[in-house]
Number of protein chains: 2
Amino acid sequence: MDWQTFLSKAGYRLSEPRKRIMKLMEMADKPLNPLAIHRLLREQGVHLGLVSVYRTLELFFSLGLISQVFQPDGLVGYLPVSFGHHHFIVCQNCHKAVEFLGSEDMQELIQRIHSETHYQVRDHLLQFYGLCPECQALLENGDIN
Amino acid sequence: MDWQTFLSKAGYRLSEPRKRIMKLMEMADKPLNPLAIHRLLREQGVHLGLVSVYRTLELFFSLGLISQVFQPDGLVGYLPVSFGHHHFIVCQNCHKAVEFLGSEDMQELIQRIHSETHYQVRDHLLQFYGLCPECQALLENGDIN
DNA sequence: TTGTTATTGATAATATTTTTCAATAAGCCA
DNA sequence: TGGCTTATTGAAAAATATTATCAATAACAA
């Protein structure tokens, strides 16, 4: 089920702003925050209220259509979620992000955490940082770092 | 080497505000953000400028003395780091957090990410959410959720 | 098409973070 | 110990980010 169907079934309307915002996030392969989305849309001539961007992201997030991605510097961005997977690796240079298939062999670690801390484990956040293929090439050429 | 020695050796002064802030974070067993730190110190009669809190956290973070902890709702808090470990589990009810020993058996997953995405993996963020022992008891008594 | 109502956008209010700069105090050295 | 140098602080202001309000608009069901 695509996000548009999902949104409708959940009782929400498929408005133009919502379509624009999701489309932008799908095109951008890096996490975007509300201000960035507003600025980018404006640059391509789409004039949305910033408030709508906030509201839309909040809605999408609460429905699980997008994920929060935490940058190493503490900034938070959003990325559309291919259903079921919620793990990303983010390029430290160009910030391009891709999802990878969540490992389900986390059980052993969860066991260990439980015996170490006595916490009941219910959820987790796992993200990786590194260099995408393009930026690896740049690094080898001495163009970065 | 304790953080005070570390700070000195790095060429920074061991000021009263810095001591207060670190001590507070060490006492609190949950992630604190700048505003919370400012408010808590003020409540216990310590009158610090909010600006100093921001500056101190930035410094501590850049030196690796504290870690950022991401709450499921997107808020960021800070926790002192026991050297070498940077993985936390946060209680979803009372927000109390404890560190657990970082698993070094991440290698296999890193391998898989590399072959799936062709990203060079350099760092990662791994956090768990759950219920601490106290809140598990509350849950069983029907006092929460 | 038309009517109902969720959704938007504009404006204002609030909250958070950063900048600036004079006053203060940490730590070195005599 | 006491003075000197300079990193650090605090206050105020500026900049930035987020949330609230409400009339105007547009999505969608009938």
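So that the names make sense, note that chain A is the first sequence line, chain B the second, and so on, each numbered from 1. For the numbers below, each heavy atom of this structure counts, side chains included, while hydrogens, waters and symmetry mates do not. Note that the coordinates shown come from a computational prediction; the quantities given were computed from them, not determined experimentally.
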Would you tabulate the pairs of protein nitrogen or oxygen atoms and nucleotide nitrogen or oxygen atoms of nucleotides 25-30 of chain C closer than 3.5 angstrom?
from   : atom 1 : to      : atom 2 : distance (Å)
C:dA26 : N3     : B:Arg13 : NH1    : 3.1
C:dG27 : OP1    : B:Leu14 : N      : 2.6

Figure out the CZ/P separation between A:Arg20 and C:dT7, and round it to whole Å. 19 Å
Find the distance A:Ile37:CD1 to C:dT8:P and express it as a whole number of Å. 14 Å
Ignoring hydrogens and angles, state whether a donor on the side chain of B:His87 or B:His124 is under 3.5 Å from an acceptor on the partner side chain. yes
Can you check the B:Leu48 CG to D:dT8 P distance for me, whole Å? 15 Å
May I have the distance from A:Lys19 (atom NZ) to C:dT7 (atom C1'), rounded to whole angstrom? 14 Å
Start at the 5' end of DNA chain C and walk down; is the nucleotide closest to A:Val53 or to B:Val51 reached first? A:Val53
For B:Arg18 and D:dT8, is the shortest distance between a side-chain N/O and OP1 or OP2 below 4.0 Å? yes
Pair B:Arg20 + B:Glu16, salt bridge at N-O below 4.0 Å: yes
Output the rounded distance in Å from CD1 (B:Ile21) to P (D:dT8). 13 Å
Is it true that B:Glu116 and B:Arg112 have a side-chain N and a carboxylate O under 4.0 angstrom from each other? yes
Compute the centroid of each ring, for B:Tyr119 and then for A:Tyr129, and state whether the two points are separated by less than 6.0 Å. no
Evaluate the side-chain proximity of B:Ser67 to B:Phe88: yes if any heavy-atom separation is below 4.5 Å, no if none is. yes
Answer yes if B:Leu14 and B:Leu59 sit in the same cluster of Ile, Leu, Val, Met, Phe, Trp and Tyr residues linked by side chain heavy atoms under 4.5 Å apart, and no otherwise. yes
For B:His47 and C:dT24, give me the distance from atom NE2 to atom C1', rounded to whole Å. 16 Å
When the distance from CD of B:Glu58 to C1' of D:dT9 is rounded to whole Å, what number comes out? 15 Å
I'd like to know whether A:Phe100 forms a ring pair (Phe, Tyr, Trp, His ring centres under 6.0 Å) with A:Phe128, so could you lay out the CA-CA distance, the side-chain angles of the two residues, the decisive distance to 0.1 Å, and finally the verdict. CA-CA 10 Å; A:Phe100 60 86; A:Phe128 286 82; 5.6 Å; yes
Taking only N/O atoms, report every protein-nucleotides 13-17 of chain C pair under 3.5 Å with atom names and distance.
from   : atom 1 : to      : atom 2 : distance (Å)
C:dT17 : OP2    : B:Tyr54 : OH     : 2.1
C:dT17 : O5'    : B:Tyr54 : OH     : 3.0

In whole angstroms, the gap separating C1' of D:dT9 from CZ of B:Arg55 amounts to 6 Å
Verify the neighbour count for atom CD of A:Glu26: are there more than 12 heavy atoms of other residues, nucleotides or ligands below 6.0 Å? yes
Tell me, yes or no, whether the heavy-atom count around A:Glu108 atom CD, taken from other residues, nucleotides or ligands under 6.0 Å, exceeds 12. no
